[in-house]
Structures are given as C-alpha cells and as structure tokens.
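Encoded as structure tokens, the structure appears first; notes follow it.
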Amino acid sequence: MSCVGEYFAKYRGAGAAGTPIPAWSHTAWSFIGSFIGIAVIGLLQTYYFGPHHFHLMVPAYGAMATLLFSAIKAPVAQPYNTIVGNTLGGIVTVCVTLVLQFFSMDDWVWLGGALSVSLTIVCQELMNAVHPPGAATALIFSIKVPWHKSHVLLAMFPLVPALLGACVLVITALLVNNLAASRNYPLWWSPIKMARTDEKKQIGRA
C-alpha cells in the first residue's frame, strides 16, 4: 500500500471500542458537580470580581467542568493537569500578547491566537500537564479586547481567571465527586511522583 493509501486508511479508525453510556447516577453527579462549580465562579464574578472589572467567567471553564465532573478518570482531569495546565495557558498568552504589542502587531489576532494555543500545548507537554481547556483559556485571552485595554487586567490574567478559576473547580470536584460512592477523585496529585514510583517498582522487579 502506498504512503497516501496508508494515510487515508487511518480515517477508518483504529477499531477501538467506544465508551459505554454512563449510568444515570453518574450523569446526575456530573450535573450536580458542574452546576455547583460554574455557579460558584459566576457568583464570584458577579459579586466580587465583576465590580473590579476582572473577568472570571470564561468559556474555557465549561470544558474544564466537563472533564472534572464527567471524565474524572482521565489524566487531563487530575488536579495537577487542571491547575498547572490552565495557568500555563494564562502565562503563555500574556507573554505572546506583550511580544506582539512590543512589535506593534497586537492587531494580528490570527497570529496571537495561533501562537498562544500552540505554545501552551508545548509548555503543557514539557511540564507533563496537558489540559485542553488551558489552550482554550489562552485563545480566549488573545481574541478578547477588554483584557488588553488594562495593564492590570493583562498582568493579572494568569492569576484571575486562569489560576483562580481552575482552583475553584478543582476544590468543587474534590468536595462533590467524593460524595458519590462510585467516584474517587483525584486518581493522583503529581504525575511526576507517580512516574518515579513506577520507575522504582520496575527497578525493584529487575
């Protein structure tokens, strides 16, 4: 088979089985957890951060809530990935924005967005903290004008909303997910520690 044929053959899929439909009890807990988490962020936005012109209620947290309350066993849904990965998105996009502003290219939204997302993914992989909503957080900042108009909002973005919102949802996930007998969150806190433990086990077996 030619290289082109092999390439398009991949479009048929790998033949892996799909995930089963979750039980109603799982879906109910997913609803409860995501509702509480987003509601808390919304209340903080309305009654505390909003009056100070900080934007805490960002769309990326919808995706984050899906991971933390529905796909809780996924590596990308664990606390380390969520907090570090989302904060990295905030840091990277601010750095990209400042560089583009320095070169008077801050109106190149396509470039800012592309660099923010791709560099966030690179940093997440280097830190072993892959978390898809983190790239969404980076993209949101690069295309939203309000943050760019204020040096304070720009400088604070990695903390509010990137870090704070992730912490709110992780804390909510810890409190709500563990109320269900069928749930255990998190699976681990540090992937680096887990990797070292696995390495020691392999050495011991050898």
Side-chain angles (χ1 to χ4, degrees), residues 5-46 56-90 113 116-118 120-125 127-140 143 161-195 197-198 201:
E6 291 178 356
Y7 170 75
F8 284 106
K10 294 180 180 180
Y11 282 43
R12 294 196 297 267
T19 56
I21 298 176
W24 276 106
S25 58
H26 178 89
T27 302
W29 281 108
S30 298
F31 170 82
I32 293 170
S34 58
F35 179 87
I36 293 174
I38 298 300
V40 170
I41 289 177
L43 289 170
L44 288 172
Q45 166 71 37
T46 303
L56 185 62
M57 194 81 158
V58 295
Y61 291 132
M64 188 180 294
T66 303
L67 293 176
L68 268 61
F69 300 105
S70 180
I72 62 174
K73 293 183 179 180
V76 295
Q78 304 311 306
Y80 174 85
N81 295 71
T82 302
I83 296 173
V84 176
N86 204 62
T87 304
L88 282 173
S116 295
V117 170
S118 56
T120 293
I121 293 172
V122 169
C123 290
Q124 287 181 346
E125 291 189 355
M127 293 289 292
N128 199 14
V130 173
H131 184 67
T137 297
L139 181 59
I140 288 165
I143 63 177
L163 174 61
L164 179 60
C167 288
V168 169
L169 285 178
V170 166
I171 291 172
T172 306
L174 289 170
L175 295 174
V176 176
N177 282 331
N178 291 314
L179 290 175
S182 60
R183 294 188 176 214
N184 189 346
Y185 183 84
L187 297 183
W188 39 257
W189 281 93
S190 172
I192 298 174
K193 182 178 179 181
M194 289 289 292
T197 302
D198 292 340
K201 288 181 179 179

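Everything quoted here is computed from the prediction, not taken from an experiment.
Screening Val168, Leu43, Leu44 for a side chain to side chain contact (heavy atoms under 4.5 Å, CB included) involving Leu56 leaves a single residue, Leu44.
Residues passing the side-chain contact (heavy atoms from CB on, under 4.5 Å) test with Val122, sequence neighbours excluded: Leu126. Judged as a side-chain hydrogen bond (donor to acceptor under 3.5 Å, both in side chains), and not counting sequence neighbours, the contacts of Ser116 are Thr93. Applying the side-chain contact (heavy atoms from CB on, under 4.5 Å) rule to Pro186 yields the partners Gln78, Pro79, Leu174, Trp189; only residues at least two apart in sequence or on another chain are considered. Partners of Val117 by side-chain contact (heavy atoms from CB on, under 4.5 Å), not counting sequence neighbours, listed by chain and number: Ile121, Ala135, Leu139.
Contact annotation: the side chain of Ile140 approaches that of Pro59 to within less than 4.5 Å [non-hydrogen atoms, C-beta and beyond]. For the pair Leu67/Thr82, no side-chain contact is recorded, criterion being any heavy-atom separation below 4.5 Å from C-beta on. The side-chain heavy atoms of Met57 and Ile38, taken from C-beta on, include a pair separated by under 4.5 Å. For the pair Asn86/Leu163, no side-chain contact is recorded, criterion being any heavy-atom separation below 4.5 Å from C-beta on.
Asn177 places a side-chain N or O within donor-acceptor distance of the main-chain N or O of Leu68, the cut-off being under 3.5 Å. In terms of modelled atom types and a separation under 3.5 Å, the side chain of Tyr61 and the main chain of Gly37 share no donor-acceptor contact.
Interatomic distance, CD1 of Ile41 versus CG of Leu169, reported as 4.0 Å (0.5 Å rounding). From Thr87, atom OG1 reaches atom NE2 of His131 across 9.5 Å, with rounding to the nearest 0.5 Å.
Sparse packing is recorded around CD1 of Ile21, with 12 or fewer heavy atoms of other residues, nucleotides or ligands lying under 6.0 Å away.
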Identify all side-chain donor-acceptor contacts of residues 28-35 below 3.5 Å with residues at least two apart in sequence or on another chain.
from: Ser30; atom 1: OG; to: His26; atom 2: O; distance (Å): 3.0
from: Ser30; atom 1: OG; to: Phe69; atom 2: O; distance (Å): 2.8
from: Ser30; atom 1: OG; to: Arg183; atom 2: NH2; distance (Å): 2.9
from: Ser34; atom 1: OG; to: Ser30; atom 2: O; distance (Å): 2.7
from: Ser34; atom 1: OG; to: Phe31; atom 2: O; distance (Å): 3.1

